[in-house]
Enquirer: 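Please find one structure pasted underneath; my questions will follow.
All values below were derived from every heavy atom in this structure, side-chain atoms included, with hydrogens, water molecules and symmetry-related copies excluded. In listed order, ligands and their atoms are each counted from 1.
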Amino acid sequence: MARYIFITGGVVSSLGKGLASAALGALLQARGYSVRLRKLDPYLNVDPGTMSPFEHGEVFVTDDGAETDLDLGHYERFTGVSARKTDSISSGRIYSTVLEKERRGDYLGKTIQVIPHVTNEIKDFIKIGDDEVDFMLCEIGGTVGDIEALPFFEAIRQFSQDRFGECIFMHLTLLPYIAAAGELKTKPTQHSVKELRSIGIAPDILMCRSEHPIPEKERAKLALFCNVRPEAVIPALDLDSIYNAPLAYHREGMDRAVLNAFNITDAPEPDLTKWHDVMERVNHPEGEVKIAIVGKYTQLGDAYKSIAEALTHGGMHNKVKVRAEWIDSELFEGEDVTPHLEGFNAILVPGGFGERGTEGMIKAATYAREHNVPYFGICLGMQMAVTEAARNLAGIADAGSEEFDHEAGEKRFTPIVYHLKEWVEGNRTIQRDEADDKGGTMRLGAYNATLKEGSRIAEIYGTTAISERHRHRYEVDMGYREALEAKGLIFAGISPDGKLPETVEISDHPWYIGVQFHPELKSKPFEPHPLFASFVKAAVKQSRLV
Ligand code: GLN
């Protein structure tokens with residue numbers, strides 16, 4: 001059975017608990033252990049699928065079709081372990097399960113209470129698959145003291161009793177620096193640990209985020225006041241690259257402290273070759289490319305987290321630094337795009353929902369096509385590239401997506417992109433209606449696609465059979481294939497049943513590809529996604545032309 005590491009946060013949010021957890025997972029793997037990472041989120045949404053990216057950042061989709069927190073993206077990028085539905089849970093999901101059981105009569109007339117019914121549900125969740133790995137890392141979202149997180153803290157407290165000796169707690173906090181005094185302050189951390197202890201949890205390890213090195217004196221003070229061993233106070237200084245986290249935290253003794261807390265004395269030394277190689281590529285780029293990301297949720301970097309990371313990986317593969325600039329597509333709507341896009345070596349239009357900004361995306365696609373600038377359209381970015389081709393190459397002037405008509409409540413477009421009502425998943429057919437709930441009803445998760453022999457995309461993948469993750473409700477209409485292919489937009493990838501276009505490309509263009517899926521979700525620093533590696537390579541080529 002797995003040993004458990006519970007990761008909690010204190011003082012303020014956004015300290016990078018997800019990253020710290022992911023880096024710890026990578027370090028344990030480097031020592032030869034198997035790991036799985038899990039995220040427990042206190043909010044009441046059933047999953048983040050219905051939350052705006054402005055609220056919550058990117059929605060990360062797993063192979064098995066769960067819409068999860070973006071921290072699962074960090075977990076996968078650092079450990080290479082594919083996350084599952086059962087690696088992400090929210091209070092909303094827990095409560096809705098408990099209430100469903102209550103309605104079914106499963107509790108046999110009992111009064112339903114947070115303890116034990118809600119906490120039991122959380123504990124059952126934590127246990128799923130614990131015979132498969134050496135270490136289960138469970139991160140609790142939010143910070144200690146949040147009202148809605150209390151059942152989670154109570155559940156992990158109980159769990160550490162149920163599995164006595166097999167659980168440890170790691171608490172991530174902030175040591176603020178007071179410039180006037182020239183000091184790092186430990187008081188907020190002391191308070192946050194006190195708060196944890198008041199609910200029965202005593203941390204074994206403190207990870208201390210700090211902008212400055214932590215003097216020995218402060219480390220000793222933290223150890224004394226927070227009741228941890230001095231070597232279990234781990235400084236987590238700001239890093240220039242997130243991929244430096246495993247090496248940096250190892251140097252500070254994070255994995256050693258974890259093993260000590262479990263009394264594991266015979267752990268193999270870690271093999272960190274992979275991370276040294278990753279950092280070598282990050283630190284020594286041989287050039288730089290500029291890529292424009294033309295989308296809608298550009299104010300918040302986290303909204304396209306996986307795309308930003310996948311571009312970085314593509315850069316590492318080509319030994320260049322990728323400078324990604326986020327441009328709000330709405331900007332283009334009344335204006336000429338040229339001054340905005342000139343000077344970029346490639347253009348990427350990412351996924352998105354709703355009509356706002358889409359005319360600007362279409363303009364960006366036209367610009368890329370006409371100026372031979374590499375273009376990568378992902379999900380909505382592919383739908384807009386097809387719309388662009390339909391309007392400007394195939395002469396369907398009012399081509400558009402049904403999504404926008406549905407949103408507006410009136411019919412304005414010829415639906416080149418239509419509402420997907422039926423598709424095949426494995427051996428069952430899924431049916432959808434416009435009136436369906438919004439949550440969890442998209443075409444979600446991994447689906448296979450068949451790539452045309454000899455197409456550009458098949459050449460990039462090095463195979464004609466692929467599986468990629470999806471998250472969409474609308475789909476390019478196969479009925480326009482002939483008309484568009486006659487004009488040079490090739491439907492190179494199709495679902496295995498031949499019904500759904502999965503990728504499009506223009507052959508006589510340096511690099512013009514649209515994909516209905518989200519390749520960015522599977523890219524890793526040590527295994528860049530082939531499409532991102534190839535796209536950045538095309539940007540490098542383009543940069544040599546200008
Ligand atoms: N809004 C589009 C759809 O639902 C695209 C989705 C996306 O880009 N993820 O099909």
Side-chain angles (χ1 to χ4, degrees), residues 47-54 56-62 65-68 70 73 293-298 302-308 310 326 329-330 347-362 364-365 375-388 390 399-408 413 415-423 430 432-447 449 468-478 480 493 495 499-504 513-522 531:
D47 61 41
T50 52
M51 285 192 223
S52 154
F54 291 121
H56 193 260
E58 164 185 279
V59 173
F60 189 81
V61 180
T62 59
E67 296 176 281
T68 72
L70 56 77
I293 304 178
V294 180
K296 187 168 137 180
Y297 316 110
T298 48
D302 273 358
Y304 297 120
K305 190 79 202 149
S306 293
I307 288 190
W326 311 84
S329 55
E330 246 184 321
I347 297 168
L348 188 152
V349 177
F353 293 84
E355 184 170 10
R356 192 167 62 75
T358 51
E359 289 300 324
M361 296 174 194
I362 292 172
Y375 176 90
F376 194 0
I378 294 179
C379 208
L380 184 65
M382 156 162 157
Q383 296 174 355
M384 292 306 101
V386 176
T387 305
E388 193 279 328
S401 170
E402 227 179 344
E403 175 176 5
F404 313 148
D405 279 351
H406 285 165
E407 191 183 33
F413 295 117
I416 302 291
V417 180
Y418 68 101
H419 188 271
L420 190 55
K421 301 230 170 30
E422 197 177 285
W423 68 89
I430 299 191
R432 289 285 183 248
D433 201 276
E434 275 140 50
D436 282 346
D437 284 350
K438 283 279 175 282
T441 52
M442 282 186 260
R443 182 169 176 251
L444 285 168
Y447 283 90
E468 291 282 5
R469 297 182 192 169
H470 294 68
R471 181 173 186 248
H472 62 121
R473 208 182 299 283
Y474 294 83
E475 177 68 73
V476 170
D477 191 338
M478 202 60 160
Y480 295 94
S495 61
K499 290 195 176 145
L500 309 177
E502 289 274 8
T503 82
V504 295
I513 291 179
V515 295
Q516 185 55 69
F517 43 80
H518 291 276
E520 71 275 18
L521 302 179
K522 293 209 329 194
L531 283 173

Enquirer: Distance check, rounded to the nearest 0.5 Å: Glu388 atom CD versus Gln383 atom CD?
Expert: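 One gets 14.5 Å once the value is rounded to the nearest 0.5 Å.
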Enquirer: Polar-atom distance check: Cys379 versus ligand 1, any N or O pair below 3.5 Å?
Expert: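 No, there is no polar N/O contact under 3.5 Å.
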Enquirer: Quick one: look up the protein heavy atom nearest atom 5 (C) of ligand 1 and list residue, atom name and how far away it is.
Expert: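 Minimum-distance protein heavy atom for atom 5 (C) of ligand 1 reads Gly352 O, 3.3 Å.
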Enquirer: Looking only at side-chain N and O atoms, does Tyr447 offer a donor or acceptor that is under 3.5 Å from a partner on Trp423?
Expert: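 Yes, Tyr447 and Trp423 have a side-chain donor paired with an acceptor closer than 3.5 Å.
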Enquirer: Once you restrict to heavy atoms under 4.0 Å, what part of Arg471 touches ligand 1? Side chain, backbone, both or neither.
Expert: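 Answer for Arg471: backbone.
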Enquirer: Give the C-alpha distance, both sets of side-chain angles, the deciding distance and a yes or no for side-chain contact (heavy atoms from CB on, under 4.5 Å) between Val349 and Val294.
Expert: CA-CA 5 Å; Val349 177; Val294 180; 4.2 Å; yes
Enquirer: Which atoms of ligand 1 are found less than 4.0 Å from any heavy atom of His518?
Expert: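 Per the distance check, 9 (N).
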Enquirer: What about Gln516: any of its N or O atoms under 3.5 Å from an N or O on ligand 1?
Expert: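 No - when backbone and side-chain N and O of Gln516 are compared with those of ligand 1, no distance drops under 3.5 Å.
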Enquirer: Show which atoms of ligand 1 fall inside a sub-4.0 Å distance from at least one heavy-atom site of Arg473.
Expert: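 That gives atoms 3 (C), 4 (O), 10 (O) of ligand 1.
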Enquirer: I need the atoms of ligand 1 closer than 4.0 Å to a non-hydrogen atom of Gly351, numbered in the order shown.
Expert: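 Per the distance check, 8 (O).
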Enquirer: Taking NZ in Lys421 as the centre, count heavy atoms belonging to other residues, nucleotides or ligands within less than 6.0 Å. Is the count above 12?
Expert: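 Atom NZ in Lys421 is packed in, count exceeds 12.
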Enquirer: What part of Met442 sits under 4.0 Å from ligand 1 if we count only heavy atoms: the side chain, the backbone, both or neither?
Expert: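 For Met442, there is no contact with ligand 1 at all, from either part.
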Enquirer: Can you report which non-hydrogen protein atom sits closest to atom 1 (N) of ligand 1, along with the distance?
Expert: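 Protein heavy atom at minimum distance: Glu403 OE1, 2.7 Å.
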Enquirer: What is the nearest protein non-hydrogen atom to atom 10 (O) of ligand 1, stated with its residue, atom name and distance?
Expert: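 Closest protein heavy atom to atom 10 (O) of ligand 1: Tyr474 N, 2.9 Å.
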Enquirer: What orientation do Tyr474 and His406 show, parallel under 30°, tilted 30 to 60°, or perpendicular over 60°?
Expert: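 The rings of Tyr474 and His406 sit tilted, inter-plane angle from 30° to 60°.
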Enquirer: Give yes or no for whether the N/O distance cutoff of 3.5 Å, strictly under, is met between Leu380 and ligand 1.
Expert: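 In this structure, Leu380 places an N or O atom under 3.5 Å from an N or O of ligand 1.
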Enquirer: Might you work through the side-chain contact (heavy atoms from CB on, under 4.5 Å) test for Glu58 and Phe60, ending with a clear yes or no?
Expert: CA-CA 6 Å; Glu58 164 185 279; Phe60 189 81; 3.8 Å; yes
Enquirer: In terms of side-chain geometry, is the basic nitrogen of Arg473 or Glu403 positioned less than 4.0 Å from the acidic oxygen of its partner?
Expert: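 Result for this pair is no, no salt bridge flagged.
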Enquirer: If we check side chain to side chain contact (heavy atoms under 4.5 Å, CB included) with Met382, which of these qualifies: Thr387, Val417, Val476?
Expert: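 Among the candidates, only Val476 passes.
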